[in-house]
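Single-structure report; data block below.
When a ligand or atom number is given, it counts from 1 through the structure's own listing order.
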Amino acid sequence: MGEGGGRRKFLEPFRGEVPDVPPIWLMRQAGRYLPEYRALRAEAGDFLTLCYTPKLAAEVTLQPIRRYGFDAAILFSDILVVPDALGQAVRFAEGEGPRLDPIRSTDAVGRLDLARATAKFDIVAETVARLRQDLPAETALIGFCGAPWTVATYMVQGQGSADQVEARLWAYRDPDGFEALIALLVAASIDYLDRQVRAGADCLMVFDTWAGSLPDDEFDRWVVAPTRAIREAVRDLHPDVPIIGFPRGAGATAVWYVSETGVDGIGCDTATPPFVMSEAFDEEDVVVQGNLDPLLLVAGGDRLDERVDEILDLMRGKRFIFNLGHGIVPQTPPENVARLVARVRGQG
Ligand code: CP3
């Protein structure tokens with residue numbers, strides 16, 4: 001943990017404390033809803049160039065901190081940096097989302113190379129090191145990776161998909177072959193997260209956006225087991241650095257996910273009712289994070305204030321971090337974000 005870690009409010013819930021006002025940050029807090037992001041993105045041209053240019057990636061990370069004073073900054077990068085670094089080139093076509101040449105065989109997995117990935121991981125670590133210098137001392141820095149299952153869905157499908165069909169079919173038809181891909185991603189994620197912590201990250205988050213597409217037995221093998229492996233390896237290396245898991249769509253299985261993976265924080269998605277969020281994890285030693293609907297942040301107005309108050313009331317007295325239930329969307333008016341932060345802090 002970086003120098004000054006003791007003063008970071010964001011970390012208090014992980015130390016067993018319950019601050020009067022919960023820490024707040026938002027998933028995708030840096031991004032297209034901010035005019036200053038759009039300007040820098042246009043300058044960089046390509047999205048991955050932005051991710052791999054420490055000076056620019058650090059600047060984008062700082063933009064929402066300057067505007068809103070969030071309690072945590074999240075490294076500006078993407079979960080698809082890992083397949084890109086491993087040798088499966090990733091392209092972000094304008095307005096289309098990510099494109100990759102699909103990997104659907106053990107041979108294709110064998111052509112990926114963890115040894116060569118570390119050069120690109122080190123570029124990201126350089127962004128982290130810069131940030132730790134440039135961030136205010138009271139602002140925590142969150143590093144992250146995609147969970148192996150979610151990253152694999154993009155690698156196998158070759159793009160985003162509604163139902164992750166290709167990865168799910170490969171996992172059923174050839175579990176050993178698919179396991180080779182997951183095992184590589186576990187090893188790569190551990191190495192990548194370790195480098196981020198050594199460069200100065202105070203906390204880590206593992207994004208499992210598509211965890212909800214798997215039935216329970218497959219969920220155990222492809223979501224829980226890899227996340228536990230990452231959690232254990234990183235805890236051995238960095239016992240004081242908390243990890244937040246985000247098994248989006250896991251529903252009632254989220255409690256099982258917490259107890260089986262040992263994550264220190266659980267990100268609740270938009271569909272989790274706040275009264276469930278406030279009680280379901282009572283038996284677990286875990287910090288709860290969530291879960292305002294990103295579209296309510298677009299709509300704004302009284303409904304936004306009322307829902308924020310409802311979440312705050314239900315989570316009072318709990319080890320809680322205020323966040324959205326999924327990432328900010330591009331059409332979000334920046335002034336609504338300011339309104340949200342003020343409301344959570346009792347200033348609006
Ligand atoms: O949260 C942050 O501010 C940190 C940066 C961050 C990005 N992506 C930046 C980004 C993080 C943590 C992510 C995670 C990510 N990336 C996830 C998991 C969380 C989630 O939202 O479910 C996933 C599934 C991805 C993969 C990804 N990256 C997709 C599907 C897309 C295209 C869709 C889209 O929103 O544009 C991206 C691109 C991306 N990642 C952008 C940003 C700011 C937009 C790129 C642009 O400027 O054109």
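Below 3.5 Å of separation, one finds no N or O of W210 facing any N or O of ligand 1. When only interatomic distances are considered, the shortest N/O to N/O separation between Y37 and ligand 1 falls below 3.5 Å. The N/O atoms of T209, backbone and side chain alike, include one that comes under 3.5 Å of an N/O atom in ligand 1. Backbone and side-chain nitrogen or oxygen atoms of W25 are examined, and none is located within less than 3.5 angstrom of a nitrogen or oxygen of ligand 1.
For atom 11 (C) of ligand 1, the closest non-hydrogen atom on the protein side is F144 CZ, 3.7 Å. Nearest protein heavy-atom contact of atom 38 (C) of ligand 1 is F92 CE2, 3.4 Å. In terms of protein heavy atoms, atom 13 (C) of ligand 1 is closest to R28 NE, 3.7 Å. Scanning the protein for heavy atoms near atom 28 (N) of ligand 1, the closest one is D78 OD1, 2.7 Å. In this structure, the protein non-hydrogen atom closest to atom 23 (C) of ligand 1 is I79 CD1, 3.5 Å. Of all protein heavy atoms, the one lying nearest to atom 29 (C) of ligand 1 is P98 CD, 3.8 Å.
Under the 4.5 Å side-chain criterion, counting only non-hydrogen atoms from C-beta, V308 is in contact with L292.
Contact between S77 and ligand 1 is present, with at least one heavy atom of the residue lying under 4.0 Å from the ligand. Under the 4.0 angstrom criterion for non-hydrogen atoms, A30 is in contact with ligand 1.
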Please walk me through it: do V298 and Y33 pass side-chain contact (heavy atoms from CB on, under 4.5 Å)?
CA-CA 10 Å; V298 177; Y33 76 107; over 6 Å; no
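Here E94 has no heavy atoms under 4.0 Å from ligand 1, in either its backbone or its side chain. Contact annotation: for L75 versus ligand 1, heavy atoms closer than 4.0 Å belong to the backbone alone.
Distance remark: protein heavy atom not present below 4.0 angstrom from atom 33 (C) of ligand 1.
Taking each heavy atom of P274 and N291 in turn, the nearest pair found is CG-OD1, 4.3 Å. Residue R41 comes nearest to G45 through the heavy atom pair NH1-O, 2.7 Å, listed as atom of the first residue, atom of the second, then distance.
Close contacts between ligand 1 and H326 involve ligand atoms 20 (C), 21 (O), 22 (O) [criterion: under 4.0 Å to a heavy atom]. The distance from ligand 1 to the heavy atoms of Q29 drops below 4.0 Å at these ligand atoms: 3 (O).
Between D293 and R303 there is no salt bridge, since none of the side-chain N atoms of the basic residue sits less than 4.0 Å from a carboxylate O of the acidic one. Between E59 and R66 a salt bridge is recorded (basic side-chain N to carboxylate O distance below 4.0 Å). Ion pairing between R91 and D46 fails under the 4.0 Å rule for side-chain N and carboxylate O. Taking 4.0 Å as the cut-off between side-chain N and carboxylate O, K9 and E12 do not count as a salt-bridged pair. Under the 4.0 Å criterion applied to side-chain N and carboxylate O atoms, R195 and D191 are assigned as salt-bridge partners.
With atom 24 (C) of ligand 1 as the reference point, the heavy atom nearest to it among F207, Y154, F246, F47 is part of Y154. When the heavy atoms of R32, R38, M27 are ranked by distance to atom 35 (O) of ligand 1, first place goes to R32. Evaluated by nearest non-hydrogen atom to atom 46 (C) of ligand 1, the leading choice among E96, R41, Q63 is R41.
Residue F144 is tested with Y192, W25, F207 for a ring pair (Phe, Tyr, Trp, His ring centres under 6.0 Å); the sole match is F207. The side-chain contact (heavy atoms from CB on, under 4.5 Å) test with D208 is passed by exactly one of W149, W222, F219, F246: W149.
The environment of R345 atom CZ is dense: over 12 non-hydrogen atoms of other residues, nucleotides or ligands sit within 6.0 angstrom.
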